[in-house]
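Okay, here's the structure, questions in a sec.
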Amino acid sequence: MKFIEIKNFTEDLISWQRAQGRHHLPWQVNRTAYRVWLSEIMLQQTQVSTVVDRYQSFLKRFPNIQVLAGSSVDDVLAEWSGMGYYTRARNLHKCAQVVVNEYDGNFPNDPLLLERLPGIGKSTAAAIAVFSYGVRAAILDGNVKRVLARIWGVGDDLSKSAAVKSLWAHAEQLLPNKSADLVSYTQGLMDFGATHCTQYQPVCMRLDKKECLFKNRCQANLSNKVNQIPLKVKKINVQQIEMDWWIYIYRGKVFLEKRPENGIWASLWSFPEQNIFNKNDAEKLNSVKHVLTHRHLKIHPYKILLSSQPKKIKVDQAWVPLGDALKLGLPKPVSAFLKSQDLAHDDA
DNA sequence: AAGACGGGGCC
DNA sequence: GGCCCAGTCTT
């Protein structure tokens with residue numbers, strides 16, 4: 001892919017960011033490496049509006065990397081509960097321990113070293129290096145791919161790794177030379193993609209007075225292809241999945257077990273998917289639908305009020321007081337289900 | 001190179 | 001219903 005020269009792209013983006021970019025997001029003030037790192041992990045595949053509150057809550061619970069490293073992974077998953085992509089939480093915990101044990105609690109500033117840490121890939125490593133240490137490195141997230149692809153008119157299929165690879169090379173070329181500009185530039189790419197060059201209704205397609213500063217240079221705009229860029233051909237294969245939940249209640253406690261370490265909702269607490277106590281007096285409750293990006297779940301809950309508590313249970317199984325269950329690391333549909341039911345009343 | 005991995009928001 | 005979001009890791 002050949003990239004033409006877009007005049008003054010980098011310097012104009014920097015000026016734009018300083019005048020019209022975002023400057024008051026929680027992780028933009030007091031940019032310590034710990035705060036920057038946490039925000040970058042939370043923001044992976046997750047929108048800013050979702051992260052803001054969860055970020056503040058997480059920082060309150062784990063104010064620094066030593067506290068995080070010294071906590072149990074279960075406590076971290078509990079705080080992460082409902083945010084999805086739970087590998088992020090497990091890697092976050094692992095990464096904190098590595099940084100404390102091998103780096104004396106201080107993140108390295110070299111993007112290549114950062115990239116070796118659990119949960120930190122190329123783009124996140126660059127973001128941490130830029131925002132925490134002012135190191136020169138290029139990011140390439142969803143926003144940046146869209147901005148670069150449109151302005152340079154890249155109509156290639158971005159679900160192909162070759163196309164993304166060429167965008168990476170281009171992103172490196174565009175970096176400003178002055179280190180004092182790195183933060184504004186990097187933040188500018190994100191801000192411009194998130195607020196102007198958006199997926200739906202980018203400013204160039206709106207009827208209001210706002211104008212895109214690149215409208216006369218953007219190849220997608222000049223050729224009327226803004227709606228077709230970026231292009232992704234690959235379709236998500238959505239599986240329809242049916243799942244049973246066996247909800248055992250005994251004296252104000254609910255039986256939960258920890259899910260396997262691999263697969264969906266790994267290491268989170270949930271209801272058994274089989275009738276492990278072999279009871280035949282279950283009440284079938286209304287089924288629950290839960291939509292994930294690549295799976296549509298239809299869940300069939302069966303409720304059983306036990307008259308005695310089974311003696312033998314395994315590790316990673318537990319009778320949890322109903323009032324405490326919501327404090328565990330739970331998948332979204334499990335916490336939603338628990339909140340919607342009055343199980344304590346049934347058991348009275 | 002392709003799939004797995006959550007949940008929310010927008011069309 | 002499909003697609004995307006401050007992506008990374010595994011196969």
Side-chain angles (χ1 to χ4, degrees), chain A residues 21-22 25-28 36-55 77 80-92 94-95 114-128 130-131 137-147 157-165 168 171 183 186-195 197-202 205 227 230-241 259-268 270 289-297 329-336:
Chain A
R22 299 174 291 187
L25 294 168
W27 44 88
Q28 290 181 302
V36 169
W37 164 65
L38 175 62
S39 72
E40 291 301 330
I41 302 299
M42 284 190 163
L43 287 160
Q44 288 171 359
Q45 297 293 284
T46 309
Q47 295 189 346
V48 168
S49 56
T50 304
V51 170
V52 170
D53 289 344
R54 301 295 302 247
Y55 177 77
L77 283 168
W80 204 272
S81 187
M83 270 216 300
Y85 282 171
Y86 297 95
T87 300
R88 291 184 295 174
R90 292 190 300 278
N91 279 336
L92 194 79
K94 215 180 298 176
C95 182
L114 285 166
E115 203 178 333
R116 291 191 204 167
L117 296 169
I120 300 182
K122 192 169 164 59
S123 191
T124 299
I128 296 171
V130 169
F131 292 132
I139 61 165
L140 189 66
D141 59 28
N143 284 320
V144 183
K145 286 177 190 167
R146 187 173 55 254
V147 170
D157 176 7
L158 293 192
S159 60
K160 300 290 183 187
S161 54
V164 175
K165 197 174 170 185
W168 266 114
V183 169
T186 304
Q187 187 69 52
L189 279 174
M190 294 172 168
D191 291 356
F192 191 72
T195 66
C197 196
T198 47
Q199 180 195 183
Y200 302 110
Q201 303 274 78
M205 308 282 285
N227 277 334
L231 172 69
K232 282 187 187 167
V233 174
K234 186 173 60 181
K235 300 298 175 197
I236 298 168
N237 180 22
V238 178
Q239 291 179 49
Q240 313 284 333
I241 294 183
R259 297 183 54 84
E261 292 184 9
N262 294 309
I264 191 162
W265 301 322
S267 303
L268 272 63
S270 186
K289 287 181 181 171
H290 187 72
V291 176
L292 305 178
T293 299
H294 59 300
R295 293 195 184 167
H296 288 190
L297 305 178
L330 305 173
K332 190 70 179 182
V334 174
S335 58

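Chain letters run A, B, ... following the sequence lines, proteins first and then strands; every chain starts at 1. As a basis for the values below, the full set of heavy atoms in this structure was taken, side chains included, without hydrogen atoms, waters or symmetry mates. In this text, all values refer to a predicted model and were calculated from it rather than measured experimentally.
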Original post:
Okay, side chain of A:Ser123, backbone of A:Ile139: is any donor-acceptor separation there less than 3.5 Å?
Top reply: no
Original post:
Between A:Lys232 (NZ) and B:dA2 (P), how many Å, whole number?
Top reply: 14 Å
Subject >> Check: A:Gly121 main-chain N/O paired with A:Thr124 side-chain donor or acceptor under 3.5 Å >> reply: no
**OP:** Could you tell me the separation between the CG atom of A:Leu297 and the C1' atom of B:dA4, rounded to a whole number of Å?
**Re:** 14 Å
Original post:
Could you state the NE2-C1' distance from A:His296 to B:dG6, rounded to the nearest angstrom?
Top reply: 12 Å
**OP:** Can you figure out which of C:dA6, B:dG7, C:dT8 approaches the side chain of A:His290 most closely?
**Re:** B:dG7
**OP:** Output, in order, the C-alpha distance, side-chain angles, deciding distance and verdict of side-chain contact (heavy atoms from CB on, under 4.5 Å) for A:Val233 and A:Lys160.
**Re:** CA-CA 9 Å; A:Val233 174; A:Lys160 300 290 183 187; over 6 Å; no
Original post:
Is A:Ile120 touching bases, backbone alone, or none of the nucleic acid, heavy atoms closer than 4.0 Å?
Top reply: sugar-phosphate
Original post:
Counting any heavy atom closer than 4.0 Å, what does A:Gln187 reach on the DNA or RNA strands: base, sugar-phosphate only, or nothing?
Top reply: base
Original post:
Which value, in whole Å, describes the distance between the C1' atoms of nucleotides B:dA1 and C:dC5?
Top reply: 23 Å
Original post:
How do A:Thr87 and A:Lys160 order along DNA chain B: which one's closest nucleotide is nearer the 5' end?
Top reply: A:Lys160
**OP:** Mark yes or no for whether A:Arg146, through its side chain, and A:Pro230, through its backbone, hold a donor-acceptor pair below 3.5 Å.
**Re:** no
Subject >> Proximity to the side chain of A:Gln44 - top-ranked nucleotide from C:dC5, C:dT8, C:dC3 >> reply: C:dT8
Original post:
Do the side-chain N or O atoms of A:Trp265 get closer than 4.0 angstrom to the phosphate oxygens (OP1, OP2) of B:dG7?
Top reply: yes
Subject >> A:Lys94 NZ to C:dT8 C1', straight-line distance once rounded to whole Å >> reply: 12 Å
Original post:
For A:Arg295 and B:dC5, is the shortest distance between a side-chain N/O and OP1 or OP2 below 4.0 Å?
Top reply: yes
Original post:
With nearest nucleotides of DNA chain C determined for A:Trp27 and A:Pro118 from heavy-atom distances, which residue corresponds to the more 5′ nucleotide?
Top reply: A:Trp27
**OP:** Between A:Ile264 and A:Tyr200, just flag the one whose closest nucleotide in DNA chain B comes earlier from the 5' side.
**Re:** A:Ile264
Subject >> Residue-phosphate contact under 4.0 Å: A:Lys234 side-chain N/O, C:dC3 OP1/OP2 >> reply: no
**OP:** Please state whether the phosphate of B:dG6, meaning OP1 or OP2, lies under 4.0 angstrom from any side-chain nitrogen or oxygen of A:His294.
**Re:** no
**OP:** Could you tell me the separation between the CG atom of A:Asn91 and the C1' atom of C:dT10, rounded to a whole number of Å?
**Re:** 12 Å
**OP:** Measure the distance from CD on A:Gln199 to C1' on C:dC5 and round it to the nearest whole Å.
**Re:** 9 Å
Original post:
NA contact type, A:Met42, heavy-atom cut-off 4.0 Å: base, sugar-phosphate, or nothing?
Top reply: nothing
Original post:
Has the side chain of A:Thr293 got a donor or acceptor that lies under 3.5 Å from a partner of the other kind on the base of B:dG7?
Top reply: yes
Original post:
Within this structure, what is the CG-to-P distance between A:Leu92 and C:dG7, rounded to whole angstrom?
Top reply: 16 Å
**OP:** Respond yes when some side-chain nitrogen or oxygen of A:Tyr85 is under 4.0 Å from OP1 or OP2 of C:dC9, and no when none is.
**Re:** no
**OP:** Look at all strands and tell whether A:Arg22 reaches a base, only sugar-phosphate, or nothing, counting heavy atoms closer than 4.0 Å.
**Re:** base
Original post:
On a whole-Å scale, what distance lies between the P atoms belonging to B:dG8 and C:dT8?
Top reply: 22 Å
Subject >> Short side-chain to backbone donor-acceptor contact, A:Gln187 and A:Gly21, under 3.5 Å >> reply: no
**OP:** Hey, which sits more toward the 5' end of DNA chain C by its nearest nucleotide, A:Ser123 or A:Leu231?
**Re:** A:Leu231
Subject >> Side-chain N or O of A:Gln45 closer than 4.0 Å to phosphate OP1/OP2 of C:dC5 >> reply: no
Original post:
Checking all strands, does A:Thr46 fall into the base, sugar-phosphate, or nothing category for heavy-atom contacts under 4.0 angstrom?
Top reply: base
Original post:
What's the CD-C1' distance between A:Gln240 and C:dG1, to the nearest Å?
Top reply: 11 Å
Original post:
Any side-chain N or O of A:Arg146 under 4.0 Å from OP1/OP2 of C:dC5?
Top reply: yes
**OP:** Kindly point out which of B:dG7, C:dA6, C:dG7 is positioned nearest to the side chain of A:Val48?
**Re:** C:dA6
Original post:
Taking the C1' atom of each, how far is C:dA6 from B:dG3, in whole Å?
Top reply: 22 Å
Original post:
Going by distance alone, is a donor N or O of one side chain under 3.5 Å from an acceptor N or O of the other, for A:Arg88 and A:Thr46?
Top reply: yes
Original post:
What nucleic acid atoms does A:Gly263 come within less than 4.0 Å of, heavy atoms only: base, sugar-phosphate, or nothing?
Top reply: sugar-phosphate
Original post:
Between the base of B:dG9 and the side chain of A:Thr50, is there a donor-acceptor distance below 3.5 Å?
Top reply: no
Original post:
Is there a donor-acceptor pair under 3.5 Å between the side chain of A:Gln44 and the backbone N or O of A:Tyr85?
Top reply: no
Original post:
Counting side-chain heavy atoms from CB outward, which of C:dG2, C:dA6, B:dA4 is closest to A:Gln239?
Top reply: B:dA4
Original post:
Sub-3.5 Å donor-acceptor pair from the side chain of A:Ser159 to the main-chain atoms of A:Lys232, do we have one?
Top reply: no
